[in-house]
Colleague: 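Right, I'll just put the structure down here and ask away after.
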Amino acid sequence: MGTFQVIDHPLIQHKLTIIRQTKTGTKEFREIVNEIAMLMGYEISRNLPLEDVEIETPITKTVQKQLAGKKLAIVPILRAGIGMVDGILSLIPAAKVGHIGMYRDEETLQPVEYLVKLPEDIDQRQIFVVDPMLATGGSAILAIDSLKKRGATNIKFVCLVSAPEGVKALQEAHPDIDIYTAALDDHLNEHGYIVPGLGDAGDRLFGTK
Ligand code: PRP
Ligand code: URA
C-alpha cells in the first residue's frame, strides 16, 4: 500500500494561504506555486537512493555519499501541473520531464486525455506526477493509467490541494502509489471544485478564464 502524506511545513502553509486568496494575481500565484513545489521537492526526494563514493578532501581520502543517479522523471498533468515543474527542477535539475495533457469535461467532470509525451525509458524511471489539484481524482487516475500502460512501475503523485473524495478514489484505483499533498481540504462542491480550495488552478496560473 502506498503512503499518504500531508506536507504541512509552516512555510508551505503560509504560502498556500497566499495563493488561496482571490486577490492574489497571476504573477504572485505562479511564483508561489513554484516555491511550494520546491519545498515539497525536498520532502518527496527524501528516499532517493545514495551510493558510496571515494573522494579526496584537502586533508584525506574518504568515502562519502552521493545520489545513486537513479533515473527520474517529472510528469506534469497539463496545464496546471506545469506550474510545479520548475520548483522541483531547481532541486533535481537533471530530471527528465514528460507531459500528459488532460482536461476535465465541465459537464461530466470526466477527464479527457489529449497529449502524452514521455521520455523513452519511462518504464525505468522514478516518476513524480505533479498537478496542483486532486479533486475527483479522475485526472490523476487516468494519467497514472496512461503511465502504467507504458510500463511505469515507480510512481509518486504530488499535489498542492486535495479533496478527501479524490484521495480515496486515487488510493482505490492505484493502491501502490505514494500521494503527497500540501493540504487536505474539506470536500468537493457540486461543480467538482475543492472547498475551500483555491479555484481553478490552471486559470489562475495562466491568467485565463
Ligand atoms: C484541473 C487540475 C487537475 C484537475 C483535477 O485541471 O489541474 O488536472 O482539474 O480535477 P479532478 O481530480 O476532478 O480530475 P483542468 O481540467 O481544469 O485543466 P487545466 O489544468 O488545463 O486548467
Ligand atoms: N480543478 C481545479 O483547478 N480546481 C478545483 O478546485 C478542482 C479541480
Side-chain angles (χ1 to χ4, degrees), residues 2 4 6 15-34 36-37 40 73-88 97-118 127-148 155-175 177-209:
F4 173 73
V6 181
K15 290 175 189 292
L16 205 48
T17 299
I18 297 173
I19 60 170
R20 284 184 189 278
Q21 296 176 57
T22 315
K23 68 178 186 189
T24 301
T26 299
K27 175 177 178 288
E28 200 181 1
F29 189 92
R30 201 178 276 152
E31 286 167 359
I32 295 178
V33 166
N34 262 318
I36 298 174
M40 293 183 82
I74 303 167
V75 178
I77 302 177
L78 306 186
R79 289 176 301 162
I82 289 178
M84 297 173 68
V85 172
D86 284 350
I88 299 179
V97 180
H99 293 89
I100 297 187
M102 210 156 273
Y103 67 88
R104 289 199 316 176
D105 181 300
E106 287 190 359
E107 298 285 296
T108 65
L109 299 184
Q110 291 306 305
V112 181
E113 188 177 274
Y114 60 86
L115 174 94
V116 180
K117 185 77 185 163
L118 300 169
I127 301 168
F128 296 114
V129 176
V130 299
D131 190 330
M133 311 305 279
L134 177 62
T136 65
S139 305
I141 291 169
L142 192 61
I144 293 167
D145 284 343
S146 202
L147 287 164
K148 285 186 173 173
I155 303 170
K156 296 178 192 291
F157 181 79
V158 188
C159 63
L160 303 190
V161 182
S162 55
E165 295 88 332
V167 174
K168 183 166 178 284
L170 182 53
Q171 283 176 325
E172 281 172 8
H174 295 294
I177 70 153
D178 295 329
I179 304 171
Y180 299 89
T181 186
L184 178 61
D185 274 13
D186 199 57
H187 65 280
L188 290 180
N189 70 14
E190 64 279 21
H191 305 293
Y193 279 89
I194 299 175
V195 182
L198 50 72
D200 186 307
D203 284 344
R204 297 202 60 194
L205 267 169
F206 296 109
T208 50
K209 188 71 217 111

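As the structure lists them, so they are numbered: ligands from 1, and atoms in each ligand from 1. In this chain, residues are counted from 1 in sequence order.
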Colleague: Without swapping roles, check the side chain of Arg30 against the backbone of Leu205 for a donor-acceptor pair under 3.5 Å.
Modeller: yes

Colleague: Quick one: list whatever passes salt bridge (charged side-chain N to carboxylate O under 4.0 Å, His left out) with Glu107, sequence neighbours left out.
Modeller: none

Colleague: Which of these passes side chain to side chain contact (heavy atoms under 4.5 Å, CB included) with Ile74: Ile88, Asp86, Val158?
Modeller: Ile88

Colleague: Note down each nitrogen or oxygen pair, ligand 1 side and protein side, whose separation is under 3.5 Å; give only atom names and the distance to 0.1 Å.
Modeller:
unit_1: ligand 1; atom_1: 7 (O); unit_2: Asp131; atom_2: OD1; d: 2.9
unit_1: ligand 1; atom_1: 8 (O); unit_2: Asp131; atom_2: OD2; d: 2.4
unit_1: ligand 1; atom_1: 12 (O); unit_2: Ala135; atom_2: N; d: 2.9
unit_1: ligand 1; atom_1: 12 (O); unit_2: Thr136; atom_2: N; d: 3.1
unit_1: ligand 1; atom_1: 12 (O); unit_2: Gly137; atom_2: N; d: 2.8
unit_1: ligand 1; atom_1: 13 (O); unit_2: Arg104; atom_2: NH1; d: 2.7
unit_1: ligand 1; atom_1: 13 (O); unit_2: Thr136; atom_2: N; d: 2.9
unit_1: ligand 1; atom_1: 13 (O); unit_2: Thr136; atom_2: OG1; d: 2.5
unit_1: ligand 1; atom_1: 14 (O); unit_2: Ser139; atom_2: N; d: 2.9
unit_1: ligand 1; atom_1: 14 (O); unit_2: Ser139; atom_2: OG; d: 2.6
unit_1: ligand 1; atom_1: 16 (O); unit_2: Arg104; atom_2: N; d: 2.8
unit_1: ligand 1; atom_1: 20 (O); unit_2: Arg79; atom_2: N; d: 3.1
unit_1: ligand 1; atom_1: 20 (O); unit_2: Ala80; atom_2: N; d: 3.0
unit_1: ligand 1; atom_1: 21 (O); unit_2: Arg79; atom_2: N; d: 3.2
unit_1: ligand 1; atom_1: 21 (O); unit_2: Arg79; atom_2: NE; d: 3.0
unit_1: ligand 1; atom_1: 22 (O); unit_2: Arg79; atom_2: NE; d: 3.4
unit_1: ligand 1; atom_1: 22 (O); unit_2: Arg79; atom_2: NH2; d: 2.9

Colleague: What donor-acceptor contacts under 3.5 angstrom involve side-chain atoms of residues 197-204, with partners at least two apart or in another chain?
Modeller:
unit_1: Asp200; atom_1: OD1; unit_2: Gly202; atom_2: N; d: 3.0
unit_1: Asp200; atom_1: OD1; unit_2: Asp203; atom_2: N; d: 3.0
unit_1: Asp200; atom_1: OD2; unit_2: Tyr193; atom_2: OH; d: 3.4
unit_1: Asp203; atom_1: OD1; unit_2: Arg79; atom_2: NH2; d: 3.1
unit_1: Asp203; atom_1: OD1; unit_2: Thr208; atom_2: OG1; d: 2.6
unit_1: Arg204; atom_1: NH1; unit_2: Ile19; atom_2: O; d: 2.7
unit_1: Arg204; atom_1: NH1; unit_2: Leu198; atom_2: O; d: 3.0
unit_1: Arg204; atom_1: NH2; unit_2: Gln21; atom_2: O; d: 2.8
unit_1: Arg204; atom_1: NH2; unit_2: Thr24; atom_2: O; d: 2.9

Colleague: Heavy atoms only: give me the nearest Pro76-Gly98 pair and the separation to one decimal.
Modeller: CD-O, 2.8 Å

Colleague: Quick check on side chain to side chain contact (heavy atoms under 4.5 Å, CB included): which of Asn189, Leu188, Asp185 does Val195 satisfy it with?
Modeller: Asn189

Colleague: Evaluate the side-chain proximity of Ile144 to Ile127: yes if any heavy-atom separation is below 4.5 Å, no if none is.
Modeller: no

Colleague: Enumerate the pairs of nitrogen or oxygen atoms, one from ligand 2 and one from the protein, separated by less than 3.5 angstrom; state names and distance to 0.1 Å.
Modeller:
unit_1: ligand 2; atom_1: 3 (O); unit_2: Ala201; atom_2: N; d: 2.8
unit_1: ligand 2; atom_1: 4 (N); unit_2: Gly199; atom_2: O; d: 2.8
unit_1: ligand 2; atom_1: 6 (O); unit_2: Ile194; atom_2: N; d: 2.8

Colleague: Return yes when atom OH of Tyr103 has more than 12 non-hydrogen atoms of other residues, nucleotides or ligands closer than 6.0 Å, and no otherwise.
Modeller: no

Colleague: With side chain to side chain contact (heavy atoms under 4.5 Å, CB included) as the test, pick out the partner of Met133 among Val161, Leu160, Thr181, Ile77.
Modeller: Val161

